[in-house]
2 protein chains.
Amino acid sequence: MSDENYPELRLENQLCFPLYACAKEVVHAYKPFLDKLDLTYTQYIAMMVLWEKKACNVKELGEMLYLNSGTLTPLLKKLESKGYIERKRSINDERILNISLTDKGQELQKEALFVPMSVGSCIKLSAEEAKTLYMLLYKVLGLLKNEEIE
Amino acid sequence: MSDENYPELRLENQLCFPLYACAKEVVHAYKPFLDKLDLTYTQYIAMMVLWEKKACNVKELGEMLYLNSGTLTPLLKKLESKGYIERKRSINDERILNISLTDKGQELQKEALFVPMSVGSCIKLSAEEAKTLYMLLYKVLGLLKNEEIE
DNA sequence: TTAAGAGAAATTGTGTACAATTTAATTGTA
DNA sequence: TACAATTAAATTGTACACAATTTCTCTTAA
């Protein structure tokens with residue numbers, strides 16, 4: 001059966017594809033809710049870091065979000081232009097750009113509270129399943145990070 | 001403890017973030033191997049569909065890959081310019097663009113055989129874990145797809 | 001038979017995403 | 001001290017990714 005050749009190259013036999021597709025679809029599921037806040041998904045996760053930490057620099061943010069300055073620089077300028085954050089060079093070390101929440105950015109957190117629950121109600125996994133998925137994803141992330149070091 | 005406010009908005013308490021980060025890092029892990037084939041990740045998964053089906057149209061490909069024509073049109077033109085595929089309007093219905101493998105595209109499959117194993121060796125999950133992860137990802141994809149219909 | 005509606009792909013505009021390079025600042029060391 | 005090496009962001013160039021619109025084709029119903 002020639003159709004059965006190279007089964008390892010079939011989309012359905014790969015982990016990477018459902019991961020790739022699932023991530024895209026989950027981001028897509030956020031869109032209608034984030035639209036109400038005038039945030040994109042990437043802007044939203046950047047704001048989440050700031051809501052938690054209040055302030056950080058570009059390098060730290062990049063490490064947390066797995067994003068580099070090529071992505072972050074324009075994104076942070078956008079968030080600044082919306083009035084949610086401030087960008088200021090560090091006084092001690094001018095290479096470093098410190099990001100901090102404005103009052104308006106802080107306020108936005110309250111308006112964003114409905115988002116996780118709204119999306120959660122679209123993805124009806126059991127607590128057990130969610131926990132397993134969470135654990136496995138962080139395991140893969142860990143494995144890939146080790147790979148870089150070796 | 002003011003730091004503990006709004007725990008539902010903490011990055012670490014969300015499923016979406018590890019999913020997003022993990023998908024990006026897995027695509028990143030493919031890069032060194034796909035570079036040898038001069039393919040990007042998206043081009044690679046498009047080729048995987050064609051290696052399996054030999055031919056399809058843009059709409060079908062989009063449904064399988066969760067991608068729309070805005071992404072696929074330039075990507076398929078690129079694969080055509082590399083000589084891996086042919087793009088031809090359907091004779092029966094000129095709206096439809098049929099994609100088919102060229103001999104060169106078919107040949108490329110043999111060279112791509114090492115890719116899944118190479119990436120697999122970076123992501124050392126047990127067979128059990130991989131199966132669970134696979135199942136959960138397809139479950140989420142299914143839940144999100146149902147959401148659209150309702 | 002033809003105009004309205006539906007479909008498929010292409011196009012446009014915005015926003016990531018990253019590799020590679022550049023710029024500017026700091027650090028380490030001879 | 002002085003300069004090479006390092007570091008942090010910004011910039012540049014390429015490639016997605018998708019919403020909204022457009023173009024062209026096909027179907028359908030009056």
Side-chain angles (χ1 to χ4, degrees), chain A residues 17 20-32 34-35 37-47 56-82 85 87-99 144 148, chain B residues 17 20-32 34-35 37-47 56-82 85 87-99 144 148:
Chain A
F17 179 69
Y20 161 84
C22 201
K24 277 198 313 142
E25 294 305 299
V26 168
V27 168
H28 186 252
Y30 273 83
K31 190 163 191 312
L34 293 181
D35 278 351
L37 303 176
D38 188 31
L39 289 178
T40 65
Y41 180 76
T42 318
Q43 289 166 7
Y44 171 67
I45 60 175
M47 290 304 291
C56 69
N57 63 49
V58 174
K59 182 185 160 68
E60 290 164 348
L61 190 60
E63 281 165 1
M64 273 183 285
L65 299 181
Y66 295 79
L67 291 171
N68 69 23
S69 66
T71 304
L72 288 175
T73 297
L75 182 139
L76 293 170
K77 285 179 179 173
K78 203 73 194 280
L79 287 176
E80 185 182 45
S81 77
K82 293 182 186 184
I85 66 168
R87 299 163 66 248
K88 276 192 185 140
R89 291 283 165 184
S90 163
I91 297 164
N92 302 327
D93 185 341
E94 294 241 355
R95 292 172 301 180
I96 293 172
L97 187 75
N98 288 127
I99 314 298
L144 288 172
E148 276 173 30
Chain B
F17 179 69
Y20 160 84
C22 201
K24 277 198 312 143
E25 293 305 299
V26 168
V27 168
H28 186 252
Y30 273 83
K31 190 165 191 310
L34 293 181
D35 279 351
L37 303 176
D38 188 31
L39 288 178
T40 65
Y41 179 76
T42 318
Q43 289 166 7
Y44 171 67
I45 60 176
M47 290 303 293
C56 69
N57 63 49
V58 173
K59 182 184 160 68
E60 291 165 347
L61 190 60
E63 281 166 0
M64 273 184 284
L65 300 181
Y66 295 79
L67 292 172
N68 68 23
S69 66
T71 303
L72 287 175
T73 297
L75 182 138
L76 293 170
K77 284 180 179 172
K78 203 75 193 280
L79 287 175
E80 184 182 45
S81 76
K82 293 182 185 184
I85 65 168
R87 299 162 66 247
K88 277 191 185 140
R89 289 284 164 183
S90 163
I91 297 164
N92 303 327
D93 185 341
E94 293 242 353
R95 291 173 301 180
I96 292 171
L97 187 75
N98 288 128
I99 314 297
L144 288 171
E148 276 174 30

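Letters go in sequence order (proteins before strands), and every chain restarts at 1.
- The side chain of A/N57 places an N or O atom within less than 4.0 Å of a non-bridging phosphate oxygen (OP1 or OP2) of D/dA9.
- Looking at heavy-atom distances under 4.0 Å, A/D35 makes no contact with the nucleic acid at all.
- Atom C1' of nucleotide C/dT23 and atom CG of A/D93 are separated by 14 Å, given to the nearest angstrom.
- With sequence neighbours left out, A/K24 forms a side-chain hydrogen bond (donor to acceptor under 3.5 Å, both in side chains) with no residue at all.
- Checking the phosphate oxygens (OP1, OP2) of D/dA10, a side-chain nitrogen or oxygen of A/R89 falls inside 4.0 Å.
- Remark: the A/S69 side chain and the D/dA8 base include no donor-acceptor N/O pair separated by less than 3.5 Å.
- The side-chain heavy atoms of A/E60 and A/N57, taken from C-beta on, include a pair separated by under 4.5 Å.
- For the atom pair CG of B/L76 and OG1 of B/T71, the computed distance is 10.5 Å after rounding to the nearest 0.5 Å.
- Rounded to an integer number of Å, the gap from CG of B/L76 to C1' of C/dA9 is 11 Å.
- To the nearest angstrom, P of D/dA9 lies 8 Å from CD1 of A/I99.
- Under the rule for a side-chain contact (heavy atoms from CB on, under 4.5 Å), the partners of A/E80 that lie at least two apart in sequence or sit in another chain are A/I85, A/R87.
- In this entry the distance linking CD of A/E94 with C1' of D/dA8 reads 12 Å, nearest Å.
- Atom OG1 of B/T73 sits about 11.0 Å away from atom CG of B/L67, to the nearest 0.5 Å.
- Straight-line distance from the CD1 atom of A/I96 to the P atom of C/dT26: 9 Å, rounded to whole Å.
- Among the heavy atoms of the strands lying under 4.0 Å from B/N92 are primed sugar atoms or P, OP1, OP2 only; no base atom is included.
- The separation between B/R87 atom CZ and C/dA9 atom P is 11 Å, rounded to whole Å.
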Scan the side chains in residues 37-46 of chain B for donor-acceptor partners under 3.5 Å anywhere in the protein, sequence neighbours excluded, and list what turns up.
{"unit_1": "B/T40", "atom_1": "OG1", "unit_2": "B/Q43", "atom_2": "N", "d": "3.2"}
{"unit_1": "B/Q43", "atom_1": "OE1", "unit_2": "B/T40", "atom_2": "N", "d": "3.1"}
{"unit_1": "B/Q43", "atom_1": "OE1", "unit_2": "B/K82", "atom_2": "NZ", "d": "3.0"}

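- Here C/dA30 sits opposite D/dT1 as a Watson-Crick or G-U wobble pair (both hydrogen-bonding atom distances under 3.5 Å).
- Once rounded to the nearest 0.5 Å, the distance linking SG of B/C56 with CG of B/L97 reads 9.5 Å.
- The backbone N or O of A/C22 lies less than 3.5 Å from no partner atom in the side chain of A/E25, so there is not a single donor-acceptor pair.
- Side chain of A/R89 to backbone of A/R95: a donor-acceptor contact under 3.5 angstrom is found.
- At whole-Å resolution of the value, OH in A/Y30 and P in D/dC18 are 17 Å apart.
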I'd like a list of close polar pairs between nucleotides 1-7 of chain D and the protein, N/O only, cut-off under 3.5 Å.
{"unit_1": "D/dT7", "atom_1": "O2", "unit_2": "A/R95", "atom_2": "NH1", "d": "3.0"}

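- No donor-acceptor contact under 3.5 Å links the side chain of B/T73 to the base of C/dA9.
- The side chain of A/K88 places no N or O atom within less than 4.0 Å of a non-bridging phosphate oxygen (OP1 or OP2) of D/dA9.
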Polar atoms only, N or O, under 3.5 Å: list the protein pairs with nucleotides 12-17 of chain D and their distances.
{"unit_1": "D/dA15", "atom_1": "OP1", "unit_2": "B/K78", "atom_2": "NZ", "d": "2.4"}
{"unit_1": "D/dA15", "atom_1": "OP2", "unit_2": "B/K78", "atom_2": "NZ", "d": "3.3"}
{"unit_1": "D/dC16", "atom_1": "OP1", "unit_2": "B/T40", "atom_2": "OG1", "d": "2.7"}
{"unit_1": "D/dC16", "atom_1": "OP2", "unit_2": "B/Q43", "atom_2": "NE2", "d": "3.1"}
{"unit_1": "D/dC16", "atom_1": "O3'", "unit_2": "B/T42", "atom_2": "OG1", "d": "3.4"}
{"unit_1": "D/dA17", "atom_1": "OP2", "unit_2": "A/Y20", "atom_2": "OH", "d": "2.5"}
{"unit_1": "D/dA17", "atom_1": "OP2", "unit_2": "B/T42", "atom_2": "OG1", "d": "2.9"}

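- Note: CG (A/L39) to P (C/dT14) measures 18 Å, nearest angstrom.
- Listed by chain and residue number, A/E63 satisfy the salt bridge (Lys or Arg N to Asp or Glu O under 4.0 Å) test with A/K59 (two or more places apart in sequence, or in another chain).
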